Amino acid sequence: MKYDAIVVGAGPAGLMFARKLAEKGFKVSVLEKNETLSVKPCGEGISSRVITTAEISQSDANRFISRSIRGAIVVAPNGKQLSITSEGDLGYIIDKRNFLRVLGEYAASAGADIFMREQVKQATVTGGLVRVTARTLTVEAPLLVGADGYLSFTSRAFGLERQAERKVIPAVQYLMTNVSLDNPDYTYFYIGNEVAPKGYVWIFPKDGTLANVGIGVQGSAPKIYLDKFIKEHQEIFAKSKIIEFKGAAVTIGGMLERIVTDHVMLIGEAAGQVIPLTGGGIHTSIAGGKIAAEVASKALELDDFSAKTLGEYVSKYNEYWGKRIKDSLKGLNVIEKLSDEELNQLAEILSPEDVVNLANGENVVQVATKLLRHPIFSLKVAKALLS
C-alpha cells in the first residue's frame with residue numbers, strides 16, 4: 001500500500017501528526033504495535049492548555065477528564081508544603097486511554113488509516129520511498145515518522161540515536177482505591193533523597209477515591225521506595241488497595257541531537273520531547289506532532305524530503321518547546337545533586353510560581369536571578385541555570 005506518510009506509534013504525537021497531515025488531504029497510515037491504545041503507564045496529569053494545543057472540543061474533552069485540578073502541593077523532605085494554586089483549572093487528571101481514543105477518532109475522521117497490532121520489523125529507503133514491513137502489512141511512503149517512544153525502532157534503524165545517548169528513569173505506578181487526601185482537587189508531589197532518590201513521588205487523584213500513585217527514581221529500585229512511602233503515610237493510604245500496577249521507563253535526558261534525516265522524522269518521546277524535571281511528555285509530544293505535520297506538508301508539496309527541508313521542523317520546535325526542554329534539563333541536572341537539607345532550604349526561598357517555572361523550564365532566568373542572591377545556591381543552582 002502506498003501512502004504520503006507512515007507513522008510508527010499511536011501515542012499523542014503520532015495521532016496528532018496523522019490528524020493534522022490528513023486534514024491537509026494527504027494519505028497517512030499509523031502502525032501501532034500494541035492491541036490497545038495507552039499501554040504505557042502515565043500519571044495522566046495534563047495542563048489545561050493541552051486541550052487547546054490538541055484542538056479538542058470541550059464536549060469531547062469531557063469524555064476523558066476524570067477530575068479538574070485546582071492546584072498542586074509540593075512536599076519538601078522536612079514536610080514543608082508549597083501550595084501552587086490557580087484561579088481557574090490548573091489542569092486535569094485524565095483517562096489516557098479515552099484521551100487517545102478521542103485523538104484516534106479525530107485522526108481517523110480526517111482520513112488517516114490506523115492499524116493496531118502491527119509492530120514494525122523492517123524499514124528501508126529505496127528509490128525515494130521508505131518501505132516498511134510490519135506484522136501483516138507492507139506499506140510505502142516518501143516520509144517515515146517515528147513516534148514510537150523511548151525504545152524507538154525508527155531512531156535506531158536510521159542511526160538517529162547514538163548508543164547510550166538517551167537517559168531514562170525507571171518509574172512504577174499503582175492505581176489505588178480509597179486514597180484519603182486533604183484536598184482531592186490538588187495533585188501532590190513529594191521530593192527528597194529518602195523518599196525518591198533523584199526523582200519524586202506523585203499522587204494524582206482521579207474520579208471517586210481512586211488515585212494514581214507513582215514514583216520515578218535514579219539508581220534505585222522504584223517499587224521498594226514506593227512501597228516504603230505508602231507504608232509511612234497511613235494517614236493517606238490506611239484503607240487503600242492496589243488494583244493496578246504498571247512500570248516503564250521515561251526519557252529525561254532532553255531531545256536527541258538528531259531527530260531528522262532524509263525521509264525520516266522523530267516526534268514525541270522517540271525524539272526526547274519530554275520535560276526532564278517532571279517527566280511530562282503529553283503536551284510537548286502533541287506540539288511536536290503538530291509542528292512536524294506542518295513541515296511535512298510543505299515537504300510533500302515540494303517533493304523534497306531531504307534532512308535540510310525536514311530540518312525546519314527542528315528549528316520551529318526549538319523556538320519554544322525545545323528551549324523549555326533544555327532549560328528544564330538544566331534544572332534537573334542541578335536539583336538531583338542537592339542534599340535533603342539543601343532541598344529544604346530551596347523550598348524556603350522559592351515561591352510557588354518559581355517552582356512551576358523551574359519544573360517546566362519556563363522563566364528560569366527569573367528563578368536564577370533570585371537564587372544568585374543566596375550564598376549557597378548562587379554557585380550550585382543559579383549559574384548552572386544561566387549557563
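The shown structure was predicted, so the numbers you read here are calculated from the model rather than taken from an experiment. Here, residue 1 is the first one in the sequence, and each next residue gets the next number. Below, all heavy atoms of this structure are taken into account, side chains as well, without hydrogens, waters or symmetry copies.
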Can Val355 be reached from Leu346 by stepping across I, L, V, M, F, W or Y side chains whose heavy atoms are under 4.5 Å apart?
yes
#### Entry: Asn62 versus Gln58, side-chain donor and acceptor atoms under 3.5 Å
yes
Smallest heavy-atom separation, Ile286 atom then Pro12 atom, equals CG1-CB, 3.8 Å
Contacts of Lys27 meeting side chain to side chain donor-acceptor pair (under 3.5 Å) (sequence neighbours excluded), chain-then-number -> none
Exercise. Report, as yes or no, whether the 6.0 Å neighbourhood of atom CZ on Arg117 holds more than 12 heavy atoms from other residues, nucleotides or ligands.
Key: no
Ile203 and Ala211 have their tightest heavy-atom pair at CG2-CB, 4.1 Å
On a heavy-atom basis, the closest approach of Ser220 and Pro197 is OG-CG, 3.8 Å
Output for pair (Tyr313 OH, Tyr317 OH), nearest 0.5 Å, gives 7.0 Å
Is any side-chain heavy atom of Ile73 less than 4.5 Å from a side-chain heavy atom of Ile84? no
What one should report as the nearest heavy-atom pair of Val367 and Asp354 is CG2-O, 3.8 Å
Fill in: Aromatic plane relationship, Tyr190 with Tyr188 - under 30° parallel, 30 to 60° tilted, over 60° perpendicular
parallel
- Item | Ionic contact status for Lys33 with Glu118, cut-off 4.0 Å | no
Here the salt bridge (charged side-chain N to carboxylate O under 4.0 Å, His left out) pairs for residues 230-252, sequence neighbours left out, are Lys228-Glu232
| With no hydrogens and no angle check, do the side chains of Asp304 and Thr309 hold a donor and an acceptor under 3.5 Å apart? | yes
Residues passing the side chain to side chain donor-acceptor pair (under 3.5 Å) test with Arg324, sequence neighbours excluded, are Tyr320
* Side-chain (Arg131) to main-chain (Thr124) donor-acceptor, under 3.5 angstrom -> no
Requested in this report: Show your working on salt bridge (Lys or Arg N to Asp or Glu O under 4.0 Å) between Lys370 and Glu353 and close with a plain yes or no.
Outcome: CA-CA 12 Å; Lys370 178 181 288 189; Glu353 181 186 11; over 6 Å; no
* If only atom types and distance count, is the side chain of Gln345 paired as donor or acceptor with the main-chain N or O of Glu342 below 3.5 Å? -> no
**Study point:** Derivation of the side-chain contact (heavy atoms from CB on, under 4.5 Å) call for Val130 and Leu143
**Key:** CA-CA 7 Å; Val130 185; Leu143 180 64; over 6 Å; no
### Message
Between Asn318 and Ser315, do the side chains contain a donor N or O and an acceptor N or O under 3.5 Å apart?
### Response
no
request  = Give a yes or no on this: more than 12 heavy atoms of other residues, nucleotides or ligands lie within 6.0 Å of atom CD of Glu165.
outcome  = yes
* Would you kindly confirm whether Met1 and Val132 end up in one hydrophobic cluster when ILVMFWY residues are joined by side chain heavy atoms under 4.5 Å apart? => yes
Practice item. Return yes if some donor-acceptor pair links the side-chain N/O of Ser29 with the main-chain N/O of Asp113 below 3.5 Å, else return no. Key: no
Just by distance, no angles: are the side chains of Asp148 and Thr154 close enough, under 3.5 Å, to form a donor-acceptor pair? yes
Exercise. Are a donor atom and an acceptor atom from the side chains of Asn34 and Glu32 found within less than 3.5 Å of each other?
Worked result: yes
With sequence neighbours left out, the residues meeting side chain to side chain donor-acceptor pair (under 3.5 Å) with Asp227 are Tyr174, Lys223
Given 3.5 Å as the limit, does a donor-acceptor pair link the side chain of Glu44 with the main chain of Asn212, or not? no
**OP:** Dump the intermediate steps for side-chain contact (heavy atoms from CB on, under 4.5 Å) on Ile275 and Thr284, then the final yes or no.
**Re:** CA-CA 8 Å; Ile275 300 295; Thr284 47; 3.8 Å; yes
Inset, instruction - Apply side-chain contact (heavy atoms from CB on, under 4.5 Å) to the pair Phe189 and Val201, showing each step before the final yes or no. - result: CA-CA 6 Å; Phe189 301 86; Val201 169; over 6 Å; no
| said: Quick one: does any side-chain atom of Ser240 pair with a main-chain N or O of Met176 as donor and acceptor, under 3.5 Å? | reply: no
Could you walk me through whether Gln218 and Ile252 pass side-chain contact (heavy atoms from CB on, under 4.5 Å), step by step? CA-CA 11 Å; Gln218 296 184 57; Ile252 60 166; 3.8 Å; yes
CD (Gln173) and CZ (Phe204) are apart, to the nearest 0.5 Å, by 8.5 Å
The reported gap from OG in Ser66 to CG in Asp207 (rounded to nearest 0.5 angstrom) is 5.0 Å
Audit row: Glu319, Lys323, salt bridge (Lys or Arg N to Asp or Glu O under 4.0 Å) steps and yes/no: CA-CA 6 Å; Glu319 287 174 8; Lys323 184 180 184 305; over 6 Å; no
Using only atom types and a distance under 3.5 Å, with no angle test, would you say the side chain of Ser155 pairs donor to acceptor with the backbone of Ser152?
yes
Any donor-acceptor N/O pair, Ser297 side chain to Glu294 backbone, under 3.5 Å
yes
inquiry  = Do the side chains of Lys290 and Glu55 get close enough for a salt bridge, i.e. N-O under 4.0 angstrom?
reply    = yes
Residue pairs meeting ring-ring contact (aromatic ring centres under 6.0 Å, His included), one or both in residues 247-283, sequence neighbours left out, come to His263-Phe305, His283-Trp321
- prompt: Would you say Thr209's side chain and Asn178's backbone share a donor-acceptor pair under 3.5 angstrom?
  reply: yes
So the ring-ring contact (aromatic ring centres under 6.0 Å, His included) pairs with at least one residue in residues 23-69 (sequence neighbours excluded) are Phe64-Phe99
- Message: Are there over 12 heavy-atom neighbours, none belonging to Lys40, within less than 6.0 Å of that residue's NZ?
- Response: yes
- Task: Measure the shortest side-chain to side-chain distance between Asn357 and Val364 over non-hydrogen atoms and say whether it is less than 4.5 angstrom.
- Result: no
**Message:** Check this for me, if you would: do Lys20 and Glu23 make a salt bridge, where the nitrogen-to-carboxylate-oxygen distance has to be below 4.0 angstrom?
**Reply:** yes
Between the CG atom in Leu338 and the CG atom in Asn193, the distance rounded to the nearest 0.5 Å is 8.5 Å
Should we say atom CD of Gln234 is surrounded by more than 12 heavy atoms from elsewhere, each under 6.0 Å from it?
yes
Worksheet item: Checking Gln366 side chain against Glu362 main chain: does a donor-acceptor pair fall under 3.5 Å?
Response: no
> So, Ser285 versus Glu269: side-chain donor-acceptor pair below 3.5 Å or not?
Replying inline: no
Under 3.5 Å donor-acceptor, Arg67 side chain and Lys206 backbone: yes
On a heavy-atom basis, the closest approach of Ala359 and Ser328 is O-OG, 3.2 Å
Worksheet item: Taking the side chain as C-beta and beyond, is there a heavy-atom pair between Ile267 and Val145 under 4.5 Å?
Response: yes
Interatomic distance, CG@Asp60 vs CG@Leu103, rounded to 0.5 Å, equals 10.0 Å
Side chains of Thr251 and Arg166: do they bring a donor and an acceptor to under 3.5 Å?
yes
**Single-linkage hydrophobic cluster Phe17~Leu256, side-chain heavy atoms < 4.5 angstrom** = yes
Are more than 12 heavy atoms from other residues, nucleotides or ligands located less than 6.0 Å from atom CD1 of Ile242? yes
Taking every heavy atom of Leu129 against every heavy atom of Pro142, the minimum-distance pair comes out as CD2-N, 3.6 Å
